[in-house]
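Hydrogens, waters and symmetry mates play no part in the numbers below; they use all other heavy atoms, side chains included.
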2 protein chains.
Amino acid sequence: MSWNLSSDRPIFAQIVEHIELDIASGKLPPGAKFPSVRELASEASVNPNTMQRALSELERKGLLRTDRTVGRFVTYDKREIERLRKEKASSSVSGFLMQMKKLGIDKDGVLELIKENYQKEET
Amino acid sequence: MSWNLSSDRPIFAQIVEHIELDIASGKLPPGAKFPSVRELASEASVNPNTMQRALSELERKGLLRTDRTVGRFVTYDKREIERLRKEKASSSVSGFLMQMKKLGIDKDGVLELIKENYQKEET
DNA sequence: ACCGCTGTATTAGGCAACTAATACAATAGC
DNA sequence: GCTATTGTATTAGTTGCCTAATACAGCGGT
């Protein structure tokens, strides 16, 4: 994983989000085993405790399972994962559109900008 | 203004963003006069110092002008305002699309979701 | 000239959150 | 049974933000 952490937001929150995305997108498939807390922490250049906090949060959300002295695994519950994916997509969309509305940009403007942006990437 | 402040991010930053949006969208037109620091602070239930910090930041960005003993005004520079609007729209779009990409949702999926969302609002 | 209003500066204190260091607990595997 | 490796708990320290109190400076209106 390429941890791209900035200091303008809580580290643990960024890690949570990062891993959530990897699970939601399927990059981390159901049942995938995680490295140990210490290993992950070292990899991300972060205190083990910080990593632990992130992982606990993910467990609280039901995305991770823990076998106490064995390690952690992505949940096998594919429905939960799909729910997560939908939820994240939906909130992204509505947040984005709300922002555009506040900027006074209507539906046509939004679609325009998006198509523009995709064309830029097709180079 | 309806200050809708949450505690999960610095207050002053939220205020900055709020006012930026009002300026970018034209809700606060060029040359519009601001209430005094103390008045705004009271209105937003915030310490004057916090409000001042936000306003200073906006001034640093060139969006506000100060007439020392008279008050503050939105800049008259319409080009600067338009630049702000473009900049905010652009960063919103690219951030949104990056998120969708990470979720594994392609162009068609994005357009689909957006149209869905707009239909929902047309009730 | 004075009073009231504007913005500005300074200092201090407290609170909450994040990070860190270290010690503890439990089990798998040899 | 011992050791290594896992997750967990506890305590401590640092930082950033917000608040507060107070003082200063300059202009307008009466």
*Asks:* If we ignore hydrogens and angles and just use 3.5 Å, is the side chain of Ser92(A) paired with the main-chain N or O of Lys88(A) as donor and acceptor?
*Replies:* yes
*Asks:* For a 4.5 angstrom cut-off between non-hydrogen side-chain atoms, does Ser91(B) reach Glu87(B)?
*Replies:* yes
*Asks:* Counting only side-chain N and O atoms of Arg53(B), is one of them less than 4.0 Å from OP1 or OP2 of dC17(D)?
*Replies:* yes
*Asks:* Could you report the tightest heavy-atom contact between Ser6(A) and Gln14(A), atom names first, then the distance?
*Replies:* O-NE2, 2.6 Å
*Asks:* Touch check for Thr50(A), heavy atoms < 4.0 angstrom, all strands: base, sugar-phosphate only, or nothing?
*Replies:* sugar-phosphate
*Asks:* Show which side-chain atoms of residues 100-118 of chain B pair as donor or acceptor with protein atoms under 3.5 Å away, not counting sequence neighbours.
*Replies:*
residue   : atom : partner   : partner atom : Å
Asp106(B) : OD1  : Asp108(B) : N            : 3.4
Asp106(B) : OD1  : Gly109(B) : N            : 3.0

*Asks:* Atom CD1 of Ile15(A) to atom P of dC18(C): distance rounded to whole Å?
*Replies:* 12 Å
*Asks:* Within less than 4.0 Å of OP1 or OP2 of dT6(D), is there a side-chain N or O belonging to Arg72(A)?
*Replies:* no
*Asks:* Answer yes or no: is there a donor N or O on one side and an acceptor on the other, between the side chain of Asp67(A) and the main chain of Val70(A), under 3.5 Å?
*Replies:* no
*Asks:* Determine whether the side chains of Thr66(A) and Glu59(A) contain a donor N or O and an acceptor N or O closer than 3.5 Å.
*Replies:* yes
*Asks:* If you take any heavy atom closer than 4.0 Å to DNA chain D, which residues from residues 27-35 of chain B end up in contact?
*Replies:* none
*Asks:* For the pair made of CD in Gln14(B) and C1' in dC17(D), what is the distance, rounded to whole Å?
*Replies:* 12 Å
*Asks:* Would you jot down, in residue-number order, the residues of residues 38-49 of chain B having a non-hydrogen atom under 4.0 Å from DNA chain C?
*Replies:* Arg38(B), Asn49(B)
*Asks:* Rounded to whole Å, please give me the gap between CG in Asp8(B) and C1' in dC18(C).
*Replies:* 15 Å
*Asks:* Quick one: is Thr69(B) getting a side-chain N or O under 4.0 Å of the dG7(C) phosphate, OP1 or OP2?
*Replies:* no
*Asks:* Could you give the CG-to-P distance, from Leu64(A) to dG7(D), as a whole number of Å?
*Replies:* 10 Å
*Asks:* Find the distance Asp67(A):CG to dG29(C):P and express it as a whole number of Å.
*Replies:* 11 Å
*Asks:* How close do Met51(A) and Ala44(A) get, counting heavy atoms only, and between which atoms?
*Replies:* CE-CB, 4.0 Å
*Asks:* Rounded to the Å, how far apart are Met51(B) CE and dT8(C) C1'?
*Replies:* 16 Å
*Asks:* Is the shortest side-chain N/O distance from Gln52(A) to OP1 or OP2 of dT8(D) below 4.0 Å?
*Replies:* yes
*Asks:* Would you mind telling me which residue lines up with the more 5' stretch of DNA chain C, Val70(A) or Ala13(A), judged by nearest nucleotide?
*Replies:* Ala13(A)
*Asks:* Please name the pair of heavy atoms, one in Pro35(A) and one in Leu40(A), separated by the smallest distance, quoted to 0.1 Å.
*Replies:* O-CD1, 3.8 Å
*Asks:* What integer distance in Å separates Phe73(A):CZ from dG7(D):P?
*Replies:* 9 Å
*Asks:* Nearest to the side chain of Arg68(A), heavy atoms from C-beta on, is which of dA28(C), dA25(C), dG26(D)?
*Replies:* dA25(C)
*Asks:* I need the CG-P distance between Leu58(B) and dT8(C), as an integer number of Å.
*Replies:* 12 Å
*Asks:* So does Lys86(B) pair up with Glu82(B), basic N to acidic O under 4.0 Å?
*Replies:* yes
*Asks:* Quick check: closest heavy atoms across Phe34(A) and Val74(A), and the distance to 0.1 Å?
*Replies:* CE1-CG2, 3.5 Å
